[in-house]
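Below, read A as the first sequence line, B as the second, and so on, with proteins coming before strands; counting in each chain starts at 1. Note that this is a predicted model, so its numbers are computed, not measured.
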Amino acid sequence: MTEKDFKTRYIRARKAVIERDFANLNDMQIKAVTATEGPLLLLAGAGSGKTTVLINRIANLLRYGKASDSEELPENASEAELKILEDAAKDENYPDIAEARRLSALEPCEPWRVIAITFTNKAADELKTRLERMLGADARDIWAQTFHSACVRILRSHADKLGYDRSFTIYDTSDSLSVIKHIAKELDISDKEFPPKSILNYISKAKDEFQTAADFYTQASAMNDIRRKIIGQAFIAYSKRLKDANAMDFDDLIYNTVLLLESNKDVRDYYQKLFKYVLIDEYQDTNNLQYRLAAALTGKRGNICVVGDDDQSIYKFRGATIENILSFEKQFKNARVIRLEQNYRSMGNILGAANAVIRNNQARKGKELWTKKDMGEKLTLYIAQNEDDEARYVASSILKSVELGENFRDNAVLYRINAQSNKIEYSLKRNSIPYRIIGGTRFFDRQEIKDILAYLCVILSPQDELRLTRVVNNPPRGIGEKTVETAQSIAVAEGSALFEVLRNANRYPALERSAVKLRQFANMIDDLRLLSESTPLDELFDIVLDKTGYVRALELKPTDENTARIENIGELKTNILSYIKETGETSLAGFLDEVALYSDIDNYDNDSNCVTLMTMHSAKGLEFDNVYIIGVEEGIFPGIRSIGEPEEMEEERRLCYVGITRARKNLTLICARQRMLFGRTSANNPSRFVEEIPSEFIERKAALRNDSFTTRPEVSSYSASPKKSYLNERPKYSTALPQKQDVSMSFKVGDAIIHTAFKDGVIVKLTPMGGDSLVEIEFESGVKRLMLKAAAEHMRKK
DNA sequence: CGCACCACAATTTTT
DNA sequence: TTGTGGTGCG
């Protein structure tokens with residue numbers, strides 16, 4: 001055997017042995033798992049098993065290193081070893097597979113030398129969990145983190161090199177917003193002409209382009225752009241304010257990490273040497289800064305694997321640039337591209353529709369999803385009379401699917417804008433269909449939570465002026481706004497921290513009147529800080545609640561709202577306890593980091609049997625058997641703002657693609673002939689996206705014209721006439737259908753009934769309400785309250 | 001200082 | 001239509 005022969009055979013056999021570990025993957029997936037070296041762009045279509053590939057890829061790196069993608073042989077590779085490999089490759093029941101595997105490894109990677117970056121905590125957690133399940137405890141050392149948490153981790157060791165204290169705090173968007181508002185007031189910038197949010201947007205964009213506040217201002221001056229000059233001033237003040245408070249906003253976390261890596265050779269060398277393999281998930285959602293971060297972490301070794309789907313890029317509005325994925329091959333030389341197009345989620349008709357819609361986009365790499373499943377049900381397009389009809393239709397079909405044995409949790413209602421959820425909610429409520437809404441105010445954005453956390457922040461670092469001013473008179477301590485302002489100007493004049501001024505309030509004549517209260521407050525914080533050094537977090541939390549009197553103030557006025565707030569604070573305590581339990585950490589600093597980067601506590605209970613309501617944006621990454629997309633109309637989806645804007649339109653179309661591909665079995669699109677939104681009624685045409693779906697994949701259904709739907713029957717207090725049908729898949733005659741009326745009227749208390757979704761029940765109460773009745777029915781699963789007319793459609797007397 | 005009332009605006013969202 | 005933020009009054 002020549003040396004060359006030996007080498008070829010060895011490499012082939014070794015690869016075959018490795019691939020045995022990944023036999024449950026398809027060919028493309030195996031390629032993606034084994035192409036370990038150099039830049040790799042993985043175009044992973046919706047439902048193509050992207051996370052599975054990511055996990056298996058990491059497993060391959062840890063077990064076999066670069067062996068599956070290298071021509072290198074181990075030193076002194078022998079013919080005996082080759083025989084073992086070849087036999088193991090051939091024989092599924094090879095006895096000493098462990099030995100073959102050992103021989104197949106080539107520089108296996110240590111877990112802490114793999115960094116896998118995601119966008120959301122949820123994705124990071126999923127990655128961590130699945131990695132640990134596959135690889136055991138070793139997996140815990142893998143850097144499976146979000147962009148932001150990875151940056152925090154790096155900055156906590158090196159922030160001093162950028163002039164920050166390593167214990168810097170993190171400002172979230174609303175913190176940033178209040179800083180901007182204060183600055184705008186100080187600089188006398190009108191919030192009419194310069195909305196704080198838009199100023200923040202400029203700042204964020206500038207950081208994305210790696211521009212400092214000074215750069216921004218200079219540039220604006222050079223261009224003589226008065227607007228940008230004013231924004232530049234705000235930017236400069238904002239940066240100073242944060243720096244003085246030793247705080248970073250979300251953009252700073254990434255910006256500063258990039259700055260650190262690009263400007264400090266030692267640090268750069270350290271991390272580039274550390275990370276042998278860099279993986280980035282959801283690459284289509286990255287912005288310019290994140291690209292630079294990825295490049296800086298990767299270094300010359302070039303082992304970067306990005307996973308993404310250009311067709312699912314839907315976050316342009318928050319800075320994501322599809323350009324990153326489209327030009328990956330230019331940015332990283334000799335990149336390989338692998339497409340994952342086999343879909344494991346949806347039936348054929350759904351994929352046919354998805355492919356047909358997305359094909360209309362220009363800016364894309366090009367992909368076609370396919371499946372081994374059969375065509376399944378055609379999609380349904382329901383043309384409703386109005387938004388009430390739409391909502392009724394959704395509720396009614398969900399009940400039908402439940403009747404056929406599905407669970408509520410198999411259903412999702414998706415929409416373009418949150419405002420659309422209202423009517424659906426009412427309709428689901430009327431039918432006692434359990435649901436949950438994703439989106440809306442997040443737990444950590446709630447006032448009381450922010451207040452308590454602000455206390456904790458101040459205790460940790462009193463120079464955090466933003467949080468300090470938030471809590472100084474909350475609960476009321478008789479420290480007025482004026483007083484705080486005076487103290488602030490003294491601090492500025494002296495060049496000292498606001499907290500110092502409060503602490504020494506008696507020294508300043510201007511603060512004479514409130515000096516006692518101010519010092520009391522400062523002493524309280526000082527005491528708490530002293531305590532925080534030796535007290536575990538959970539105990540400290542209770543003490544803070546007590547000493548600050550926050551909860552006591554709420555208890556004094558037990559309104560519903562305050563009761564809820566107290567409950568939320570209790571919830572926060574629960575959170576702290578589980579944090580301690582999970583991490584074993586009892587320090588305040590660690591917890592505040594976690595909280596700053598963790599926003600969704602509500603999303604934890606995904607096992608309850610509920611219909612899910614959310615925007616299509618929030619639905620990305622999820623899947624359901626039955627999906628309803630509502631408001632599929634020109635002006636809503638695509639939104640009015642994107643009509644006439646080709647790029648925006650493509651983004652809407654991608655959103656549509658995301659929506660469609662959430663469905664496993666049934667997809668219903670609904671548009672209404674007439675709709676009231678934001679108090680205005682309009683008649684919209686069906687969305688162009690519907691027109692883009694060939695009729696072979698979709699079936700049209702329409703509510704027949706029925707005048708009763710143009711008025712709003714369910715609130716018809718003027719008419720007790722119970723003639724109108726609530727479910728309108730029936731022709732118009734229903735208005736005159738006497739039996740119909742009899743059906744809903746004939747139920748009385750004590751009747752035993754069968755409901756299609758809730759099965760056997762007994763009517764326990766009937767309360768007339770408007771032209772309808774509230775009926776309470778005792779089912780096995782408990783007492784449900786339904787509106788009789790709606791419910792009558794789904795039940796009959798036993 | 002807190003509460004009530006009125007004007008106004010309202011894609012999409014994560015960290 | 002709904003929620004929020006600002007102003008003015010008690």
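Side chain A/Ser149 to base B/dT15: no donor-acceptor pair is found below 3.5 Å.
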Using the 3.5 Å cut-off, write out each protein N or O paired with an N or O of nucleotides 6-10 of chain B and the distance between them.
none

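Taking side-chain N and O atoms only, A/Ser618 has no distance below 4.0 Å to OP1 or OP2 of B/dT12. Considering only side-chain N and O atoms, A/Asn287 lies nowhere under 4.0 angstrom from the phosphate OP1 or OP2 of B/dT14. Residue A/Asn473 places at least one side-chain N or O under 4.0 Å from the OP1 or OP2 atom of B/dC1. For B/dT12, one of the phosphate oxygens OP1 or OP2 lies less than 4.0 angstrom from a side-chain nitrogen or oxygen of A/Asn418.
You'll find the side chain of A/His617 reaches within 4.5 Å of the side chain of A/Arg416, heavy atoms only. The shortest side-chain heavy-atom distance between A/Arg241 and A/Ile183 falls under the 4.5 Å cut-off. The shortest side-chain heavy-atom distance between A/Thr286 and A/Tyr283 falls under the 4.5 Å cut-off.
For B/dT12 and C/dG5, the P atoms lie 15 Å apart once the distance is rounded to whole Å. When the P atom is compared between C/dT4 and B/dT13, the two are found 15 Å apart, to the nearest whole Å.
As judged by a 4.0 angstrom heavy-atom cut-off over every strand, A/Leu414 is placed among residues making no nucleic acid contact.
Of all nucleotides listed (B/dT15, B/dT11, B/dT13), B/dT11 comes nearest to the side chain of A/Glu648. When each of B/dG2, C/dT2, B/dT13 is scored by its nearest atom to the side-chain atoms of A/His617, the top-ranked nucleotide is B/dT13.
The CG atom of A/Leu253 sits 13 Å away from the P atom of B/dT15 (whole-angstrom rounding). Taking atom CD of A/Gln447 as the reference point, atom P of C/dG3 lies 17 Å away to the nearest angstrom. A straight line from CD of A/Glu425 to C1' of C/dT1 spans 14 Å, rounded to a whole angstrom.
Identified under the side chain to side chain donor-acceptor pair (under 3.5 Å) test for residues 184-194 of chain A, with sequence neighbours left out: none.
Using a 4.0 Å cut-off between a side-chain N of Lys or Arg and a carboxylate O of Asp or Glu, A/Glu390 and A/Lys423 do not qualify as a salt bridge.
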